[in-house]
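Notes for the one structure printed next.
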Protein chains: 2
Amino acid sequence: MSLRHALLGLLSERPASGYDLLKRFETSLANAWPATQSQMYTELSKLADNGLISVSTQGPRGRKEYALTDEGLAELRHWLTEIKPQRHTRSDILLRVFFLNVITPDQARSYLTELMELSEQEHEALRRLADSIDWGDDPLSVNGKIALEYGLRFNTMRRKWAAWAADQIR
Amino acid sequence: MSLRHALLGLLSERPASGYDLLKRFETSLANAWPATQSQMYTELSKLADNGLISVSTQGPRGRKEYALTDEGLAELRHWLTEIKPQRHTRSDILLRVFFLNVITPDQARSYLTELMELSEQEHEALRRLADSIDWGDDPLSVNGKIALEYGLRFNTMRRKWAAWAADQIR
DNA sequence: TTTCGACATGTCAAAACAGGAACGTCAGCA
DNA sequence: TGCTGACGTTCCTGTTTTGACATGTCGAAA
């Protein structure tokens, strides 16, 4: 249900086509809310039907640029301020931990070691991403930095936890 | 897709009915993989159809106790060792952060403050849960402790991050 | 001029997810 | 005896998500 708000949010920056949004997703929101191409086009149609966005420009190749309407902005603000965030937290990574006793201690340790490496890699990827962006003082950069910092801290936490956990398994 | 494995995992401990599994979910796996009642019964039927579990006992009130079959155990082990975990990480909490510039700084700070409180509450809830369980040295307890420790560390990380983030917003 | 990669959208079927209504049973207790 | 609360399953409706397939356009380079 949040995909709709993710799209509204991206469009609040500037008008964009489905294709544009797809690209921007990959480099920013994908970490918070993965979505596929088909989902996005479907959702854009629905949003347009409901009057939360509207086609602002038609370009070549059937390109349709959408812009946020007043109702769309109102809905976005409403979501940001009124709707209580709810933890979804589906994590197949954590889920496996509950059943590590089903495999051998060696296999379990190996799983946790891989998690350490995964966390390290993701941390590294985020660090590189941060380096590749020239941050300004604009509000958008502040948001981006905050979200990115979350990723960094999360991966650090997970790496240390996995190391600790591997040590718990005798 | 992991719900199936969550059920296999729970059944690897001991046979149980849908109702039992529902209860056990609430007190353990719900943090890693929330699922509703209808989903679970549907999945149990499918697992039985596929021969990964089987009805071991019929009890009163139409109670059907399922037990893991050899194929089920094999599938569980396969999932634990061969299938690469993939980060899903859908988080409407993090998603909102990208769009905090759409609302006023006061509102944004207020959002982050609420996150701090939420993290604190969840941390506290987990701590209480930990106290309420009498941990043994058995493998299951080890797993449970590891998963719980993850929750504690995660909430601590998130609380500190939210505090830091609130401070970033001028 | 052909070809190729990036641009750009749309449709479909299947699975997963959510929430609840509907139905019935059993044990204990007032 | 009748009530209540816990036990226990099934079905239904609707939305969300996934992944694949289908279709076509444009610009640039070979």
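Below, chains carry the letters A, B, ... as their sequence lines are ordered, and counting in each starts from 1.
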With sugar-phosphate taken as primed atoms, P, OP1 and OP2 and all else as base, the protein-contact string of nucleotides 5-12 of chain D at under 4.0 Å (heavy atoms; B, S, -) is -BBBBBB-

Rounding to an integer number of Å, can you tell me how far [X] [atom1] sits from [N] [atom2]?
{"X": "A:Asp49", "N": "D:dT15", "atom1": "CG", "atom2": "P", "result": "14 Å"}
{"X": "B:Glu43", "N": "C:dA18", "atom1": "CD", "atom2": "P", "result": "13 Å"}
{"X": "A:Gln39", "N": "C:dA15", "atom1": "CD", "atom2": "P", "result": "17 Å"}
{"X": "B:Arg4", "N": "C:dA15", "atom1": "CZ", "atom2": "C1'", "result": "11 Å"}
{"X": "B:Arg90", "N": "D:dT16", "atom1": "CZ", "atom2": "C1'", "result": "9 Å"}
{"X": "A:Met40", "N": "C:dA8", "atom1": "CE", "atom2": "P", "result": "13 Å"}
{"X": "A:Leu44", "N": "C:dT9", "atom1": "CG", "atom2": "P", "result": "8 Å"}
{"X": "B:Leu3", "N": "D:dT17", "atom1": "CG", "atom2": "P", "result": "17 Å"}

So, OP1 or OP2 of D:dT16: does either fall under 4.0 Å of a side-chain N or O from A:Lys46? yes

Residues which pass side-chain contact (heavy atoms from CB on, under 4.5 Å) with [X], listed by chain and number, not counting sequence neighbours:
{"X": "A:Glu120", "value": "A:Arg159"}
{"X": "A:Phe25", "value": "A:Leu3, A:Ala6, A:Leu7, A:Leu10, A:Leu29, A:Ala35, A:Met40"}
{"X": "A:Thr104", "value": "A:Asp106, A:Gln107"}
{"X": "B:Asn101", "value": "A:Pro139, A:Leu140, A:Asn143"}

In plain terms, say whether A:Glu75 and A:Arg4 are close enough for a salt bridge, that is, a side-chain N and a carboxylate O under 4.0 Å apart.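 Salt bridge between A:Glu75 and A:Arg4, a charged N being under 4.0 Å from a carboxylate O: no.
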
Can you give each donor-acceptor pair under 3.5 Å made by side-chain atoms of residues 161-168 of chain B, sequence neighbours left out, with the distance rounded to 0.1 Å?
residue  : atom : partner  : partner atom : Å
B:Trp161 : NE1  : A:Ile146 : O            : 3.0

